[in-house]
Structures are given as structure tokens and as C-alpha cells.
Amino acid sequence: MTRSAELEQNLRHVQERIDRACVAAGRDPQDVTLVVVTKFFPVSDVRLLAELGVRHVGENRHQEAEAKAAECAGLDLTWHFIGGLQSNKAAAVASYAQVVESVDRDKVVSGLAKGAAARGAVVDCLLQVSLDAPGASASRSGAPPERLETLADAVAGCDHLRLRGLMAVAPLGAEPATAFGRLADIAADFRARHREATWLSAGMSGDLEEAVGAGATHVRIGSAVLGPRPPIK
Ligand SMILES: *Cc1c(COP(=O)(O)O)cnc(C)c1O
């Protein structure tokens, strides 16, 4: 099987999973955007995905993302940055990413705004919220829920940044349905104060059903489309 045929088949399976989860949740599949996470995979895969109709791709490492976005200029792709942000790299990330899903500290906001302004663009921002139990040693990044308001104010105060909503990763070892149920509560509370923040990015290859059930508008799928990730070099 060619790589293209393999990706096409995997995309079809993932879309079927999304569709079934939407039916189960009484939701319209049009309301769930598939972001294909291409980290660690070559730019040739990104090109094939674009040919197969993928419009949203996600990357979590700045250098890799920057290089791929440059090589794929003109392919009509929307780049989502989903990885840990360093404040000294934030401006550079905003120079190619149209969506930054991992805003979790005030310190990165001004850099993002600067990079977006330099490009003359508006960058869509999601605040990454930690779903770790309070007091747990943080296994994944993200702002604790009580810090979202300050962070939202920081983003809202920047002309070139648009507050779109929240992003989260289910904590390792947690029951996804429970974690995303908690996320749904946090998101509802957040949306009551920020009407424009309608996006909710949650769900990966292993837990997209639970995420769609909890109201995710964006799912970030890597291995279910591209296969197991190559080992880190
Ligand atoms: C790698 C990654 C994904 C995709 O994970 P899969 O399990 O391969 O689908 C989603 N979200 C984030 C933040 C990631 O780093």
C-alpha cells in the first residue's frame, strides 16, 4: 500500500470515529475540526495529507514546526502550535502559526502578540488548562483553572491575539471521560465570562470519543492517522 493510501484509510477511520461519537452525543460532525498532529513525521506526509483534504495540522516543537510551515507555504494549511511555549520563542511561533493552543503563562503572551503584529496577522489563542488534580505533581503543562482569568485578560488585551477558547490533555492515568467532564465544566464557566471563547480542543488518538462527548470542537490526532511515532533522535 502506498503511504498516501495508508493515510487516506487512517483518515477515513478517524473521521468515522468522530462521526460515531457525534451521533452518540447528538452533535453535528461539522462542529468538530480534525487537527492532524504531524510531529516527528516528514514534510512529505504533510503534503500527502494536504492532497487528501486535511486543512489543519498540529506541531509541538518550534524548530520542526517552523521548517515544515515554511516548506508547505502555499498549501492552504492552518498551523496549530500545540507544544510547550518558551517565552523567547513565542514571537517566532506566532510568525507561522495561525492558532496557538498552548498559551499557559502570562509571560508568553507579549511575545505572541509581537510576532503576530510583525506578520500583520491575528493569531487565534487557546488557553491550555491543566486537568491535574489540585496538588498533584504536574504531569502535563497547562495553567491551573484559577489562573485562566488573568491569562484571558492578558490575551484579550492584545490587538493581534484573539481569545478563542481552551485546550487540555487528559492527565496520564486519568479516566478520560472524568477528566474531560471536568474540562466541560471549566469551559462552561469560562464561556459564561468570555462569550467569544467557543473553541474547546481536547481528545487525541486514544480518547477522542470521550472528548467529543464532552463537547470538544477540535480533536488533535497524531498516531491514529500517521502511525506510531518514530523514536526521538
Ligand atoms: C502528540 C500530541 C497529540 C497527538 O497524540 P496522539 O496520541 O498521537 O494522537 C495531541 N495533543 C498534543 C498536545 C500532543 O502533543
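When a ligand or atom number is given, it counts from 1 through the structure's own listing order.
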**OP:** Could you list all the ring pair (Phe, Tyr, Trp, His ring centres under 6.0 Å) pairs where at least one residue sits in residues 170-190, not counting sequence neighbours?
**Re:**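 For residues 170-190: F190-H194.
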Subject >> I221: numbered ligand 1 atoms lying under 4.0 Å from its heavy atoms >> reply: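 That gives atoms 9 (O) of ligand 1.
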Original post:
What are the atoms of ligand 1, with element, lying closer than 4.0 Å to any heavy atom of S223?
Top reply: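 Per the distance check, 6 (P), 7 (O), 8 (O), 9 (O).
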**OP:** Could you tell me whether a side-chain N or O of K68 sits under 3.5 Å from a main-chain N or O of T38, the two making a donor and an acceptor?
**Re:**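 Here the side-chain-to-backbone pair exists.
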Subject >> S201 and E101: side chain donor to acceptor below 3.5 Å >> reply: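 Yes - a donor-acceptor pair under 3.5 Å links their side chains.
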Subject >> Spacing of K39 atom NZ and I82 atom CD1 [to the nearest 0.5 Å] >> reply: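 If I round to the nearest 0.5 Å, the distance is 5.0 Å.
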Original post:
Measuring from L7:CG to R12:CZ, what's the distance to the nearest 0.5 Å?
Top reply: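 Reported to 0.5 Å precision, the distance equals 12.0 Å.
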Original post:
Do the side chains of L112 and M167 join up, straight or via other hydrophobic residues, at under 4.5 Å, putting them in one cluster?
Top reply: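 In one cluster: no.
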Subject >> Shortest reach to atom 14 (C) of ligand 1 by a heavy atom, considering only R220, K39, E59 >> reply: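 Answer by nearest heavy atom: K39.
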Subject >> Option nearest atom 10 (C) of ligand 1 (shortest heavy-atom distance, choices Q128, H80, M204) >> reply: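 Closest candidate by heavy-atom distance is M204.
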Subject >> Proximity to ligand 1 by part of E101, non-hydrogen separation under 4.0 Å >> reply: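 Contact part for E101 vs ligand 1: neither.
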Original post:
Among protein heavy atoms, which lies nearest atom 12 (C) of ligand 1, and at what distance?
Top reply: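 Ranked first by proximity to atom 12 (C) of ligand 1 is I82 CD1, 3.5 Å.
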Original post:
Nearest protein heavy atom to atom 6 (P) of ligand 1, by residue and atom, and its distance?
Top reply: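 Protein heavy atom with the smallest distance to atom 6 (P) of ligand 1: S205 OG, 3.5 Å.
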Original post:
Under 3.5 Å, N or O to N or O, is G222 touching ligand 1 that way?
Top reply: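 Yes, at least one N or O pair falls under 3.5 Å.
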